[in-house]
Amino acid sequence: MPELPEVETVVGDLAESGLEGRTILRARVYWPRSVEGMTPAAFRDRLRNRRIERIRRRGKYIVMVVGGGWHLLIHLRMSGRLFFAPRAEPRDEHERVVFELDDGRTLRFHDTRKFGRITLTMRPQEKLRRLGPEPLEREFTARDFAQRLACRKGMLKPLLLNQQIIAGLGNIYVDEALFEARLHPKRRCSTLTAPELHALYRAIRKVLRRGIRASGTTLGAGQANFYSASGRRGRNQDGLKVFRRTGEPCPRCGAPIARLVVGQRGTHVCRECQASHDT
DNA sequence: GCCCTTTCCTGGAAGC
DNA sequence: TGCTTCCAGGAAAGGG
């Protein structure tokens, strides 16, 4: 599941592999629903001979500035991957969109579960402005965070997964951040004290930075798992404290990690360390 | 406007 | 062993 650290890793890999400055000669769409907002034919026509000027990340989106004012927004969702392959290499059945580049390589969008989406648009802000702040940017302060959460009545976990509140968090890093901050995922936001909000702010930044340093989290071995654009597995799974560690001892107190469902999401907690209070 | 539920999909695990 | 069923999960749309 690509979240902020995984997308950051992919973008870093793509930039390092010299994607910026390359020209897309042709795009081939093998699963039309992977392309959002226009027909595959329009997508192909508008991308032909476009130069990839810049690549960056915003939340969980990969943003490529291509020529003529167009922007490619790529969301990997559950199982999406991007990687390079020589043009002659046969297509895997799960490759949904393939971009032919001017240097003999192809950039392939591989997505077993077909949740991923690619949007070609002149107005990227229509999508991107809905996103909350970037949690690792300097301008995102503990005060901003507290203000965004304090007025909410919902449970912590669904709110942190909401990309409009804060961009880039997904199931893995939310569970890890809540453990780090010793907060129960079902706690109502409005009941948090100022020190608790501050602890959560720091925890979110800590687990995301750790994830980026480890080049992301790769769970299991199947091809639907996370692999960077250069085909590397992440190493952050070894450092996870609670996520998918049901029954294992809590690294802080030794109590068994429990699994519960919060907002229809599998959720991992230490019931000793993460007091439930009002739940 | 906020919160909650449903929908999209497939591979792999679990159940029989 | 081999078949069937169930589940995970991000974002957006729809309902209350």
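Below, each value reflects all heavy atoms present in this structure, side chains not excepted, and no hydrogens, waters or symmetry copies. Chain naming here is simple, since letters A, B, ... match the order of the sequence lines and numbering starts at 1 in each.
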ask   = Residues two or more places apart in sequence or in another chain: which of them pass side chain to side chain contact (heavy atoms under 4.5 Å, CB included) with A:Arg22?
value = A:Asp102, A:Asp103, A:Arg105
ask   = Does the side chain of A:Thr121 come under 3.5 Å of the side chain of A:Arg123 through a donor N or O and an acceptor N or O?
value = no
key: Atom-pair distance (NZ on A:Lys60; P on C:dG9), nearest Å   = 12 Å
task = Measure the distance from NZ on A:Lys127 to P on C:dA13 and round it to the nearest whole Å.
result = 8 Å
key: Residues within residues 158-169 of chain A bordering DNA chain C, heavy-atom distance below 4.0 Å   = A:Gln163
task = Using whole Å, report how far CD of A:Glu6 lies from P of C:dG10.
result = 11 Å
ask   = For the side-chain hydrogen bond (donor to acceptor under 3.5 Å, both in side chains) test, which of A:His94, A:Glu89, A:Glu95 pairs with A:Arg108?
value = A:Glu95
ask   = Between C:dA11, B:dC9, C:dA8, which one does the side chain of A:Phe115 approach most closely?
value = B:dC9
request  = Establish, for the pair A:Arg26 and A:Phe99, whether the NZ or CZ atom is under 6.0 angstrom from the six-membered ring centre and no further than 45 degrees off its axis.
outcome  = no
task = Each residue besides A:Val65 in its hydrophobic cluster should be listed here, by chain and number; the cluster joins Ile, Leu, Val, Met, Phe, Trp and Tyr at side-chain heavy-atom distances under 4.5 Å.
result = none
Test applied, side chain to side chain contact (heavy atoms under 4.5 Å, CB included); reference residue, A:Thr23; option that passes from A:Arg50, A:Arg48, A:Arg51, A:Glu100 = A:Arg51
request  = For A:Arg96, report the nucleic acid contact type (base, sugar-phosphate, nothing); a contact means any heavy atom under 4.0 Å.
outcome  = nothing
Under-4.0 Å salt bridge between A:Arg265 and A:Asp175 = no
remark   = Expected list for residues 28-44 of chain A near DNA chain C, using heavy atoms below 4.0 Å, is none
Nearest-neighbour nucleotide for the A:His94 side chain, B:dG11, B:dC2, C:dA8 considered = B:dG11
query = Is there a path of hydrophobic side-chain contacts, each under 4.5 Å between heavy atoms of I, L, V, M, F, W or Y residues, that connects A:Phe83 with A:Phe226?
reply = no
query = Quick one: does A:Arg265 reach the base of C:dG10 with a side-chain donor-acceptor pair under 3.5 Å?
reply = yes
task = Could you work out which one of B:dC9, C:dG10, B:dC4 sits closest to the side chain of A:Arg188?
result = B:dC4
ask   = Counting distance only, does the side-chain N/O of A:Gln163 pair as donor-acceptor with the main-chain N or O of A:Leu169 below 3.5 Å?
value = yes
request  = Take atom CD1 of A:Ile74 and atom C1' of C:dA11, then tell me their distance rounded to the nearest Å.
outcome  = 17 Å
Residue-phosphate contact under 4.0 Å: A:Arg152 side-chain N/O, B:dC3 OP1/OP2 = yes
query = Is the ring centre of A:Phe140 less than 6.0 Å from the ring centre of A:Tyr201?
reply = yes
Rounded distance (Å) that lies between atom P of B:dC3 and atom CG of A:Leu156 = 12 Å
DNA chain B: 5'-proximal contact among A:Gln264 and A:Lys153 (nearest heavy atom) = A:Lys153
task = Examine A:Arg252 relative to A:Phe179 and say whether NZ or CZ is less than 6.0 Å from the centre of the six-membered ring and inside a 45° cone about the ring axis.
result = yes
ask   = Touch check for A:Phe243, heavy atoms < 4.0 angstrom, all strands: base, sugar-phosphate only, or nothing?
value = sugar-phosphate
message = Whether A:Arg113 contacts B:dT7 is assessed here as follows: a side-chain N or O lying under 4.0 Å from the phosphate OP1 or OP2. Is that the case?
response = no
query = End-to-end bend of the helix from B:dC2-C:dG16 to B:dC16-C:dG2 (five-pair axes, 10° rounding)?
reply = 50°
For A:Gln264, side chain to side chain contact (heavy atoms under 4.5 Å, CB included) partners two or more places apart = none
task = Rounded to the nearest angstrom, tell me the gap between atom NZ in A:Lys157 and atom C1' in C:dA8.
result = 12 Å
Whole angstrom value for the distance that separates P of B:dA13 from CZ of A:Arg244 = 11 Å
key: Separation of atom CG in A:Leu73 from atom C1' in C:dA12, rounded to whole Å   = 15 Å
